[in-house]
Each structure stands twice: as structure tokens, then as C-alpha cells.
Amino acid sequence: MAAIDDFTHEPRVAYFSMEIALHNDIPTYSGGLGVLAGDTLRSATDLEVPVVAVTLASTMGYFRQTIDAEGRQAEQASPWNPSQWAVSLDAVVAVTIEGRRVWVGGWLYVLKGHTNGEQPVVLLDTDLEQNNPDDRAITRQLYGGDKAYRLKQEIVLGIGGTRMLQALGFELRQYHMNEGHSALLALELLRRFAYPPEDMRPGESPYNIPRVRELCCFTTHTPVEAGHDKFDYDLVRRVLGDYVDFPTLQHLAGEQELNMTRLALNLSEYINGVARRHAEISRHMYPGYRVHAVTNGVHPFTWTSEPFRRIYDERLPGWCHEPELLMRAACCITDAAVQTAHVEAKQRLIDEVNTRTGVSLAADCFTIGFARRMTAYKRPDLLFSDLQRLKNIAQRHPIQIVLAGKAHPQDGPGKQLIEVLHRHMRELDGVISIAYLPAYDMTTALTLVSGVDVWLNTPLRPMEASGTSGMKAAFNAVPHLSVLDGWWIEGCIEGVTGWAIGDDVPSTNGDDAGHLYQKLEQTILPLYYENPAGWVTVMKGAISQCASYFNSQRMMRRYASEAYVK
Ligand SMILES: *Cc1c(COP(=O)(O)O)cnc(C)c1O
């Protein structure tokens, strides 16, 4: 068993994230943010960038989704047992919450690369006998509870996590905040590096802000104001107390309320958005900060299905480490090899759908995939805006559809959308086969993105910061059909890597359904059914133009050379 001492001999980058998708069977993630965090660590492992990740143990997980015949989502607890996957840490640190001392222990999980390399992941856990029952529950439910619960979690993550790394003896070069949830870590550093009182003149701030800034970098993930964590100062005073003096806090985190994004922005030297457009929007939302663009990527090995791994291993050895090699896919891989691998991946999806839902899909039928967090701005119902039109399209060229996705338990409209989709499934019964796979997770995601013929994305512009599932599809030669938002603004070469729905102007969101139908009817379906050679050229375009670039090896190299260099 690995121990902490195996990892403390060299300086590391501390990577803080509220959620991390470490493994399919460890439910410490809810969706895109967690998967991205996991892929970031997997790439750090491949590229031997020494990091130590910090997250919450989330021992009750996020939730497991079941869906009844009406499409109503039910949520079950999704407990996991850290002792089966990780070793208990000896160190225990304390944070102050509501004036009480809350003890924070944890677990060491060792993330292993698929070929070599290991990275330590610290899973913080307050479920200790010394704590009262409420405090023991702080690290149980990912994104559960109310505002106060969330603030307590963020105190444990940011402050507890920073103290834990110190207690464990880590030497840290940088602190990377993956989203604002962990921004209290920067306040902890402010306190740690405060000037001693004897060095201060009357009226001077004791805090060495430049020193803290040099140590911190911050990745923001949300292009909508409402998506940023904010806390009333009344709540902050009650839960966190006078942790730093109030004028300083207001100065750094906002006059009216504690805005975690603003706090992270003010205390980070390097700041980035997760796609070019998202960085632009962030600069408008928070003027005065230099926001870089590091477009997200996905981890090559993790998101490539076995049939394609075999081809790449044979034709482009080294592709996992250096996915740029996939640029050569267009000429180095035969059409037949791509077609055969896709048929195999599609059959796996068909079998999975049949086993889990009873829906029979046909191997020779054009299959549309759509799966992601179910929430209003992602518009999962856009494809079903005009059922008659969809039926007409399917009469000329058969289609079938596979859907999946969970709605946050408190997202009423998101849950309703799952019901709406199920109603459309009934209405289209006998005309279009549609399956909804419950309990979307990493394994289901790989089966889906590799097994369908086109991957659909229909967010309301400009709300998709990046999106990553379309990049996973590209590794599996599945073209993307999407609104021009997030990464697709950079990835779309019309008719080469996939297709755009509508144009690049947010005010035209309203016509997206019409554009989607038109693109399917006039371009995509005729190409698929009438020009197989043309279709496989687009499949190869997805590999050579998208997978070669939109991967987390490139992303990690940029973080290592720009954000982690000080
Ligand atoms: C990749 C992934 C996501 C994120 O998909 P987006 O396209 O970014 O919405 C969410 N959930 C799971 C399980 C995933 O694998």
C-alpha cells in the first residue's frame, strides 16, 4: 500500500476540486466538472507533473438515479466505502465552524496511470467520533443540503484541505482552484503569510496579498452569474466567524456578499476560462482581470473505446502520451478499420441499451446520442420541438435516439425535462426507437459517445462554458452536431469534424430547432445513408482535427508551462 511519505519528497501542485471523477465506482462526482478534474489528474500522471489533489470524501456520493415509466426521477443515496479504495490518514486537523472546533481527517487514494505513474489524492472526511453528528455529515453529500451546508463543505475543502496538506508535510509550489468552491484556501494562505505584528505600521494591512497571489491559480467554469457560489455575509459571520477582518474580506470577495469567484480572482496570479469564448465572457463579467483561455480537453486513454485503442496502438503508437499523433489518422488509418471499430462499439451500445431498457436498436440505423446533466439551458428537448417534422425526417431516413442524464435533486425544471423527454418517447413509439439510460456515469458515457453515429449538443448560447462529451466522441470517430458554443466554436470545421446548428450569434438561439432539422434532413442523413465513403471521411476528421487537440494532455501541458511555473 502506498503511503503519504511516497509523495512528500518533491514539490507538488495542490489541485483543489469539490468533485473528482476518480473511478466509475467511486461516486464523488456529479458531472462535467468532476470528470474534467479526474482527466486533469490522469494527464498529470501521464506527463509526470507532480500534483496532490484535494477533494471531499462525499461518502454518500452524489446520487443514483432511477426513472419510472412517466419519466419521474428518483434519487437514491450512493454510498461508498473509502476503506475499500483508500488508506486512512493519520493526520487530523481542525477548522472552526459556528464557533465549534470541527476535526477533519481523511483518506489517501492513489490515482494510478494506465501505464505508469501515481498521484496522491486526499479525500477529506469529517465523519470522526470527535465531531458532533451534524459536523460528521459535512463531507457526506456532494452538492446536498442548503447554503449553510455548502459553506461548511467549502470551509472543510479550502481551509481544512490546506491545513491537511501542511500537516502531511507536502511542499507546495502552487495551489490550483478548480472552480470557486475551494477559494477559502486563499484566505487560509493570507493568514499563514500575514506579516508579524512587530513589522507593521499603524493602519497597515497585515496581509501579504502579492505573496498569496503568486501561489494561486484559478480556473473558472461558469459563464452565468447565477452559477457562481455566493454567501450572505450574515451567514458567513455565523458559520465562519471573523476569520479575516471584515473590511479585507469585503475588499477581496465583494461588498454585498461573499462571492467565491471574486475571492479566487483577487487572490490568483493566473486565471483562466475553459474555452476561448468562455474566457471572453468571463472578462466581461469580471472586468479588470486578465483571464487566459485554456480550452478543456479529455483524457485520451479513458475516453477511447477498446476497438479504437487497438487501432491507434497499432497505427499510431504513443498516441496516449502525445495525442497530436492522431492528426495523422486521416491518412494512416484505413476507412475499413474505422468502420469495423465503430460497428463493434455500436454493437456494444445496442447490447447495453437492450439489457438495461429492453429497447431494441438496429445496427444499421442512424443513431443520435444526447447525454449530459439535465437542466434547462442544455435544452435536451430541442430535438423534439416539432414531433411531426421529426417523424417526417425519420420516414425518409430512419433514425433512433439514445438519451441519458441526471438532474440535480433541487433542479425542478431539469427534472421536468426528463418527464418531457419520456412523453416524447411515448408519442414517437413505433416511429422512432428511443432509449433513456438511467444513472448516467463514466462507463455509460463511454459506451454512448463511442456507440452512436452522431453526438448532439444543444445548449442555449452562451451558457456552455466548454462541454467535453463531444470531445470524447471525437476520440471514437463520432462526429459532433452542436450549437456553436463552448469548445465547439473552436472545434467545428463544417462538414469536416461535424456540423454546426445555426450560427455563432447568440441572439439567434430561437431558430436552433429549425436549423437542427434542416441540417439533419439535408446534410447529415443523406451523407450517412447515401455516401458511406463521405461519412467515414468525417469520422476520420473528428479524430484527426478534434481528438488530436481537444485532449487533456495538451491542457495539462499548458497549465504546467503557464500556471504552475512561478
Ligand atoms: C463527460 C461527462 C459529463 C460532461 O458532459 P458535457 O458534454 O460537458 O455536458 C457529464 N457526466 C458524465 C458522466 C460524463 O462522463
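Bear in mind that the values here come from a model prediction, so they are computed numbers and not experimental data. First listed ligand is number 1; within each ligand, the first listed atom is number 1.
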Report yes if the distance between the aromatic ring centroids of His176 and Phe16 is under 6.0 Å, otherwise no. no
Once salt bridge (charged side-chain N to carboxylate O under 4.0 Å, His left out) is applied, do any residues pair with Arg373, and if so which ones, sequence neighbours excluded? none
Can you confirm if the aromatic rings of His23 and Trp80 lie within a centre distance of less than 6.0 Å? no
With a 4.0 angstrom cut-off on heavy atoms, strictly below it, pick out the residues next to ligand 1 and order them by chain and number. Gly31, Gly32, Val35, Trp303, Arg372, Lys378, Tyr440, Asp441, Met442, Ala445, Gly467, Thr468, Ser469, Lys472
Spacing of CD belonging to Gln76 relative to CE belonging to Met60, to within rounding of 0.5 Å: 11.5 Å
Who passes side chain to side chain contact (heavy atoms under 4.5 Å, CB included) against Asn24, sequence neighbours left out? Tyr29, Asp441, Met442, Thr443
Residues that Arg150 engages under salt bridge (charged side-chain N to carboxylate O under 4.0 Å, His left out), provided they are two or more places apart: Glu154, Asp229
